[in-house]
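What follows is a short report on a single structure.
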Amino acid sequence: MPAARESLLDAAFAALEGRPWPRVKMAEVAAAAGVSRQTLYNQFGSKEGLARALVRREADAYLSGVERALSGASGAAGPRERLAAAAVWTVRSATENPLVRAVLTGCWNERLPTPVTPVTSVTSVRTASPGPLPAPGELLGQARDRAVRLLAGDWPPGAVELPLACEAVARLALSYVVAPAPAADVARMVRTVVA
């Protein structure tokens, strides 16, 4: 039932845009997805399970966007430009998606599903079983690690050490998430930092 699962997650995200998570009703989510409430419970077990799956899906979408930017799919050619594109994606994604912003910053407001289990480490956001939500900054760390892996073959010799550059850019992007500024500013700042 992958189609039902995605429909349910889409319906939950749409409901979250309209009202705070505590007011989102499971029956309404199921009806919006065109499935029974039992199907919803079979897929996620509980409202908390639905929330965890929704956050994971949005985190996966964020990481996919990071990979697209780092692979040059955004039109950026060189490794510095691709790193800047990943930073811009981080800022835009967190600006447009409150779940991505919350998982990157650890700031969960009353409108969002609140993590109930403190987390110190989650090895992968992509897990099928319900479990703890990613810890603050963990998603950014995964983005940083992907940057190191995807840029390793293209990083110019004599430049700032790649892992250090990726860490600096990840932290810089997070600072723009916390204290917003235009996306063009983050790209310009990244190019300056990794020059």
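FYI, side chains are in, hydrogens and waters are out, and symmetry mates aren't considered; it's all heavy atoms of this structure. Everything numeric here is computed off the predicted structure, so don't read it as measured data. Sequence positions, counted from 1, serve as the residue numbers for this chain.
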(message) What I'd like to find out is whether the side chain of Arg101 reaches to under 4.5 Å of the side chain of Val177, using heavy atoms alone.
(response) yes
(message) I need the full list of side-chain hydrogen bond (donor to acceptor under 3.5 Å, both in side chains) pairs touching residues 91-100, with sequence neighbours left out, sorted by first then second residue.
(response) Glu58-Asn97
(request) Evaluate the side-chain proximity of Val35 to Ser7: yes if any heavy-atom separation is below 4.5 Å, no if none is. (result) no
(request) Check whether any side-chain heavy atom of Pro113 lies under 4.5 Å from a side-chain heavy atom of Leu16, and answer yes or no. (result) yes
(message) Between Arg57 and Asp60 (salt bridge meaning N to carboxylate O under 4.0 Å), is one present in this structure?
(response) no
(request) With the side chain counted from C-beta on, respond yes when Val29 and Phe44 share a heavy-atom pair under 4.5 Å apart, and no when they do not. (result) no
(message) Let me confirm one number: the CZ-OG1 distance from Arg5 to Thr39, rounded to the nearest 0.5 Å.
(response) 13.0 Å
(message) Whether the Thr90 and Tyr62 side chains hold a donor-acceptor pair (N or O, under 3.5 Å, no angle test) is what I'd like checked.
(response) yes
(request) Taking the side chain as every heavy atom from C-beta outward, state whether Ser71 and Leu150 have any atom pair closer than 4.5 Å. (result) no
(request) State whether the side chain of Arg82 and the backbone N or O of Leu70 hold a donor-acceptor pair below 3.5 Å, judged by distance alone. (result) yes
(request) Would you mind listing every side-chain hydrogen bond (donor to acceptor under 3.5 Å, both in side chains) that reaches into residues 156-170, with sequence neighbours excluded? (result) Arg144-Glu167, Glu167-Arg171
(message) Checking the side chain of Trp155 only, and the main-chain atoms of Val160 only, is there a donor and an acceptor separated by less than 3.5 Å?
(response) yes
